[in-house]
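All remarks here apply to the structure that follows.
Reckoned from all heavy atoms, side chains included, excluding hydrogens, waters and symmetry mates. In this text, all values refer to a predicted model and were calculated from it rather than measured experimentally.
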Amino acid sequence: MEQACNIKVPTKKLKKFEKEYQSLRENQLQQEDPIHRYQRENRRLQEASMRLEQENDDLAHELVTSKIALRSDLDQAEDKADVLNKELLSTKQRLVETEEEKRRHEEETAQLKEVFRRELEKAECEIKKTTAIIAEYKQICSQLSTRLEKHQAATKEELDMVRSKVSGCERCRGLFSSTDPLRPGSPRGGGAHTEPADEEHDGLKEQLRHLELELAQTKLQLVEARCRIQELEHQRGVLMSEVQAAKNSWFSKTLGSLKSSSSSSPSSSSSSSQQTPSSPKDGPA
């Protein structure tokens with residue numbers, strides 16, 4: 001084999017050998033019996049026919065198998081298309097419901113904003129009114145305090161004047177004790193001298209009671225005004241806390257509505273993105 005492979009034959013010689021072989025083969029075929037040749041050719045054709053029939057059977061079996069597989073794939077594709085169509089319809093319905101809910105939330109948010117604005121304006125008006133009332137009551141209290149101080153000064157002056165008059169009168173001086181000039185002492189003279197002194201003493205006591213009563217009323221008005229100021233300040237604090245709570249609740253509701261709107265927007269975009277690739281499948285389905 002090594003020698004045969006190492007042999008180098010020119011191309012011309014190979015063509016010459018081929019021609020010689022072809023001529024020799026033709027001579028053998030011509031010399032051969034036609035019956036044997038036809039029998040051999042018949043056997044060869046039969047073998048080829050059997051091989052072709054086997055190939056035909058194999059191809060038929062493969063065709064049937066491929067048809068069954070294609071039918072199964074087609075059924076699966078149709079089922080998947082039906083499922084996708086149902087999902088698309090449900091997604092569209094959910095999208096419509098979500099948009100309706102979003103519109104309703106926006107209307108509720110607008111109504112809440114309007115209500116909050118009215119309540120805020122009302123609370124601000126109440127605060128302004130309360131502040132004005134507190135300022136007025138403080139002014140009244142300052143006026144009452146000034147008036148009380150004036151009354152106390154006037155009462156003190158009148159008491160000093162009465163005391164100076166009593167101490168300057170020789171007749172009335174003995175009627176009052178040395179500890180309290182307005183308290184009557186032991187009677188020294190007769191009834192004629194004590195009657196005018198008693199009348200003057202009663203007048204002074206009546207004037208003193210009147211001044212004390214007026215002072216007590218002024219003090220009572222001052223206390224009532226201070227109580228009213230404290231009550232108004234408490235109401236103002238309550239109103240401020242309510243306004244702050246309303247602001248906080250409105251802010252939280254607005255933030256929640258914005259979050260829900262932002263969360264519904266990606267869902268709408270995702271559903272629209274799902275709807276876009278599935279729409280071409282509606283044709284073959």
Side-chain angles (χ1 to χ4, degrees), residues 105-169 172-173 175-184 197-259:
H105 283 314
E106 288 177 352
E107 292 177 356
E108 290 178 357
T109 304
Q111 292 177 358
L112 285 173
K113 285 181 180 179
E114 184 66 23
V115 171
F116 175 73
R117 187 181 61 80
R118 289 199 299 266
E119 291 295 329
L120 185 61
E121 290 178 356
K122 189 186 296 182
E124 288 178 352
C125 292
E126 289 291 333
I127 290 171
K128 289 180 181 178
K129 192 182 296 181
T130 307
T131 307
I133 292 171
I134 289 171
E136 186 178 354
Y137 268 96
K138 285 183 178 179
Q139 186 178 1
I140 291 171
C141 287
S142 63
Q143 290 176 0
L144 289 174
S145 299
T146 308
R147 187 176 173 185
L148 179 61
E149 291 175 358
K150 288 180 180 180
H151 275 293
Q152 287 178 350
T155 306
K156 189 176 181 182
E157 289 178 358
E158 288 180 1
L159 285 174
D160 292 338
M161 190 183 298
V162 170
R163 287 173 183 171
S164 63
K165 285 181 180 180
V166 169
S167 62
C169 181
C172 300
R173 191 184 303 169
L175 297 175
F176 297 94
S177 62
S178 60
T179 57
D180 191 358
L182 295 178
R183 186 174 299 168
D198 291 338
E199 289 178 0
E200 190 175 358
H201 177 261
D202 291 337
L204 291 173
K205 286 179 73 175
E206 185 66 28
Q207 189 177 1
L208 183 60
R209 280 197 301 270
H210 179 69
L211 290 173
E212 288 177 353
L213 181 61
E214 190 174 357
L215 181 61
Q217 289 178 355
T218 305
K219 286 183 177 180
L220 181 61
Q221 289 176 2
L222 182 61
V223 171
E224 288 178 354
R226 286 178 179 174
C227 292
R228 181 63 178 165
I229 287 172
Q230 289 179 359
E231 184 180 356
L232 289 173
E233 286 180 351
H234 178 68
Q235 290 179 0
R236 181 186 178 187
V238 171
L239 286 173
M240 290 295 289
S241 61
E242 288 179 356
V243 169
Q244 188 65 31
K247 284 182 180 178
N248 293 332
S249 63
W250 175 80
F251 181 74
S252 60
K253 286 181 181 178
T254 306
L255 188 60
S257 63
L258 288 174
K259 284 183 179 179

Atom [atom1] in [X], atom [atom2] in [Y]: separation rounded to 0.5 Å?
X: K150; Y: Q143; atom1: NZ; atom2: CD; answer: 9.5 Å
X: T131; Y: E124; atom1: OG1; atom2: CD; answer: 11.0 Å
X: E126; Y: I133; atom1: CD; atom2: CD1; answer: 8.5 Å
X: I127; Y: K122; atom1: CD1; atom2: NZ; answer: 13.5 Å
X: E149; Y: K156; atom1: CD; atom2: NZ; answer: 12.5 Å

side-chain hydrogen bond (donor to acceptor under 3.5 Å, both in side chains) filter on E121, not counting sequence neighbours, yields R117
Smallest heavy-atom separation, I134 atom then L232 atom, equals CG1-CB, 3.5 Å
Practice prompt. Compare all side-chain heavy atoms of R118 with those of V115 and state whether any distance is below 4.5 angstrom.
Written response: yes
Applying side-chain contact (heavy atoms from CB on, under 4.5 Å) to E114 and Q111, what does each step give before you reach the verdict? CA-CA 5 Å; E114 184 66 23; Q111 292 177 358; 5.7 Å; no
